[in-house]
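Accompanying notes for the structure given below.
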Amino acid sequence: MKTMIARIEDRRCPNWAESAPPAGEGLAALVHRSRLLGADRRIANIFGGNTSVKSTETDHVGRSTRVLWVKGSGSDLGSIREQHFAALKLDEIDPLFTRMEMSDEAMTAYLERTVFEPGRPRQSIETLLHAFVPAPHVDHTHPDAIISIACSPRGEEIMREIYGDRAAWVPYVRPGFSLSRMIGEAVRDNPGLDCVVMGKHGLVTRGETSAECYEKTLRVIEQAESWLAERASAEPFGASRLAPLNEADRRETFAALLPVLRGAMGGTRKVILQIDDDQDVLDFVGAAECADFAMRGAACPDHLVHTKRRPLVLDWTPGSGREALIDSAKQGISGFVADYAQYFERHAAEGDTMAAPYPRIVLIPGLGMVTAGADVMAAEVSRQLYRRAIAVMRHAKTVGGYETLTEAESFAIEYWPLELYKLSRKPLPRPLHGHVAVITGAASGIGRATAARLAREGAHVVIADRNADGAQDVAAQIASDRGEGRALAATVDVTSEEQVTDAFTATTLAYGGVDIVVNNAGISMSGPIVGTALADWQRQIDILGTGYFLIAREAFRQMRLQDTGGSIVFVASKNAVAAGRNAAAYSAAKAAELHLARCLAEEGGAAGIRVNTVLPDAVLAGSSIWNSSWRADRAATYGIRDDELEAHYRARTTLKVNILPDDVAEAILFFASETSAKTTGGVLTVDGGVPAAYVR
Ligand code: NAD
């Protein structure tokens, strides 16, 4: 099944000469090399690894200065740009090599004072490794094949078998000064080295030119891959224990499971879920030794931060049915939480605060994998990293075992002050971070403005509209403004029961569930009663009555499964309370809508599902309801003269009533968010400050 983020793993690296490299050996060549390596996820984890170049630059007073350009923290090699590299003065860093030790805090503080160019991102925690390796170009990556060997109890021996004297082995040490120094020493003592293999961690390669460094990284990895391929085990995770469900069943089963999982996994913070049922994952979760491998721990510190030490493996087989799966998920999560609390207790130092004790990875035999994160990108990073972990474990039998970070080593990474410091420097999450909102009629007008507004507050938004192209455009715009995966277009006619169910299923499969539903889709085709055709009346009732019912019913179903409450906002109209002349059908349908909302507020209260209504008066700009073709249509069908409408607008304009879709979106946001947590069954008018729609 497709995930929300485009996949770029396994895009093989071309040879340097064929890759159209830029001229020179400076930053441009480094960016080029980094992006090539980062595009192949077998080589570089998402957001992991780092690369560098040493060059001579002229500083602000005209002095020639040796500069280390090294990847800054928080960027991904695959999409890195020049501005994502930190620039540090090498002459000020070199003397550190004479020291024998240095704390993380002292190292970070020192490096902060060596900045060559202000305004660049903070340097990576692994910066000194690059500085201490005496070569102009250095790559540090986490290739699957190398990590398989680095996690073997025979790792050093196998490394020797593959590379002879051209490789050095450095045992596992948490990244920082000591590890960097050990690597620097290994290379300085041995100029003939091609690479350094870091136990339970990764690879360091270097070159005199960017081309040489790149080719060396690739050739070293290829040698390890060939060695492993020649000895590959036919059943790397033991015999296949069960056949996976077929694709349609997997889809239905995920749709039933995800809201339950999401509800049980979020705690006080919402999470977004991603699924992966590619063949590699299905093979792993269906194999006899899956749980045994999964329980051994994380292969590499870079994985651990995003996958936790262990995944949750559900005790379930497809034959035992969906109810058993739901039970197993609930029990599994409470067991995981209890185990995590004990792990924390065993290792916590004074002042440590326990992180969210929920799993980031859930493995389900016959179904696949679910990953969780604070937003869609975080869940995707976990997904990609666990795929790397599976690729690493695949060779465990070949290399004679799989030795992961110990429990204590894992805790030291998970609660590493430098990692926590990194987190603390991130901006505070927006109020709707991790929330999922479905907005109907979001391809235009008020719905579109609402989607953009909720997305600005951190929500992942589903643009549900019968206008497929319009919905795609809005989703693409929001994804480009707020980040990949932040918006999903769902083509749905809200009057179709089947399409409404499908739209919610698509939402669940994309994000794991739903927290906010804005019932907004609408048309306006009313006129004087005598001229109103039955079909026109029916159409209003279908969209504004039945459609709102269908959307609300599905929202209730999903929110109940999730069991974390939710907020439903109806967009009615001032006509719902103030009778509209020549708009009986529209007004009556809007009144039905409003009453439906209040009834649902009664029904949802106990489950924490709030239902509130916004009553806009005429939104003259940005809405297609009032556009010229609608006005022409009213004139032709009902004989309402355009100048009559024009007069109405002008009267409102004279009163300085200029309600915009953004104004209505603001009111919707109020009801959608926790700001109105204590309000349900409420009605908020948006009348431009001129009372036209107050509740009479
Ligand atoms: P709009 O025409 O700009 O947008 C409405 C959207 O709803 C369109 O994208 C349309 O494709 C979609 N839609 C229509 N029928 C649908 C269906 N059956 N299934 C799915 N999508 C459908 O209108 P707008 O002004 O943004 O109106 C949004 C809501 O606000 C409506 O419920 C409307 O009644 C209400 N409202 C509007 C005004 C106003 O002056 N514009 C005033 C009061 C209330």
Side-chain angles (χ1 to χ4, degrees), residues 438-453 462-475 489-500 502-503 517-526 536 538-552 554 569-578 580 583 585-594 596-597 613-631 633-634 645 648-649 652-653 657-665 667-668 683-688 692-693:
V438 173
I439 303 125
T440 69
S444 169
I446 294 168
R448 179 187 186 133
T450 303
R453 188 71 186 90
V462 179
I463 313 300
D465 203 296
R466 67 175 174 191
N467 171 0
D469 290 345
Q472 284 292 355
D473 287 351
V474 173
T491 311
V492 54
D493 182 331
V494 296
T495 63
S496 157
E497 190 171 15
E498 194 187 346
Q499 288 184 30
V500 167
D502 285 352
V517 173
V518 183
N519 228 338
N520 163 79
I523 51 160
S524 177
M525 53 198 298
S526 256
D536 287 352
Q538 194 56 54
R539 187 101 189 99
Q540 304 277 351
I541 300 294
D542 284 349
I543 296 176
L544 303 175
T546 310
Y548 279 49
F549 152 74
L550 289 174
I551 290 284
E554 203 53 38
V569 185
F570 279 53
V571 181
S573 159
K574 76 149 202 227
N575 290 38
V577 289
Y586 178 76
S587 304
K590 284 289 177 188
E593 200 188 279
L594 173 59
L596 173 64
T613 307
V614 171
L615 305 183
D617 191 7
V619 177
L620 306 182
S623 156
S624 56
I625 279 189
W626 291 94
N627 68 15
S628 53
S629 74
W630 176 79
R631 284 160 58 175
D633 182 54
R634 274 173 73 98
L645 287 170
H648 174 70
Y649 298 154
R652 305 288 293 160
T653 315
V657 175
N658 184 20
I659 307 168
L660 299 172
D662 286 348
D663 299 320
V664 185
I668 295 170
V683 175
L684 184 56
T685 54
V686 184
D687 51 21

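Atoms within each ligand, like the ligands themselves, are counted from 1 in listed order. This is a predicted model, so every value here is computed, not measured.
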N520 heavy atoms, cut-off 4.0 Å: which ligand 1 atoms fall inside?
28 (C), 29 (C), 30 (O), 31 (C), 32 (O)
Any side-chain heavy-atom pair from V683 and L594 closer than 4.5 angstrom?
yes
Is it the case that ligand 1 has an N or O less than 3.5 angstrom from some N or O of R539?
no
Once rounded to the nearest 0.5 Å, what's the spacing between atom OG1 of T440 and atom CD1 of I463?
10.5 Å
Nearest-option assignment for atom 3 (O) of ligand 1, heavy atoms, candidates A490, P661, G441, S444:
S444
Nearest heavy atom to atom 35 (C) of ligand 1: which of S496, P616, G522, A572 does it belong to?
A572
Quick one: does Y548 get a heavy atom under 4.0 Å from ligand 1?
yes
Gap separating the CG atom of N575 from the CD atom of E593, nearest 0.5 angstrom:
11.0 Å
With side chains defined as the heavy atoms from C-beta onward, is the minimum distance between E497 and F549 less than 4.5 Å?
no
Atoms in ligand 1 with a heavy atom of G445 nearer than 4.0 Å:
3 (O), 26 (O)
Judging by distance only, is a nitrogen or oxygen of V494 under 3.5 angstrom from one on ligand 1?
yes
Which ligand 1 atoms does Y586 reach within 4.0 Å, using its non-hydrogen atoms?
33 (C), 34 (O), 35 (C), 36 (N), 43 (C), 44 (C)
V492 heavy atoms within 4.0 Å reach ligand 1 at atoms 19 (N), 20 (C)
Between ligand 1 and K590, can you find any atom pair, the residue atom being a heavy atom, that is separated by under 4.0 Å?
yes
Below 4.5 Å, heavy atoms only, C-beta onward: do V571 and I668 meet side chain to side chain?
yes
Could you check if a side-chain atom of V686 sits within less than 4.5 angstrom of a side-chain atom of L615, using non-hydrogen atoms only?
no
Using a 3.5 Å cut-off on N or O atoms only, is D465 in polar contact with ligand 1?
yes
Any heavy atom of D542 closer to ligand 1 than 4.0 angstrom?
no
Which ligand 1 atoms are under 4.0 Å away from a heavy-atom of I543?
15 (N), 18 (N)
Please state which option from L615, I446, T440 has its nearest heavy atom closest to atom 26 (O) of ligand 1.
I446
Is the contact between V664 and ligand 1 made by the side chain, the backbone, both, or neither, using heavy atoms and a 4.0 Å cut-off?
neither
With nothing but distance in play, are any N or O atoms of D493 less than 3.5 Å from an N or O of ligand 1?
yes
Out of all atoms in ligand 1, which are within 4.0 Å of some heavy atom of S573? Include the element for each.
43 (C), 44 (C)
Distance, nearest 0.5 Å, that separates CG of L596 from CG of L544
11.5 Å
Below 4.5 Å, heavy atoms only, C-beta onward: do L550 and E498 meet side chain to side chain?
no
Could you point out which residue of V518, N520, V494, T546 forms a side-chain contact (heavy atoms from CB on, under 4.5 Å) with I551?
V494
With a 4.5 Å cut-off on side-chain heavy atoms, are V500 and D502 touching?
no
Side chains of T450 and V664: does their closest heavy-atom pair fall under 4.5 Å?
no
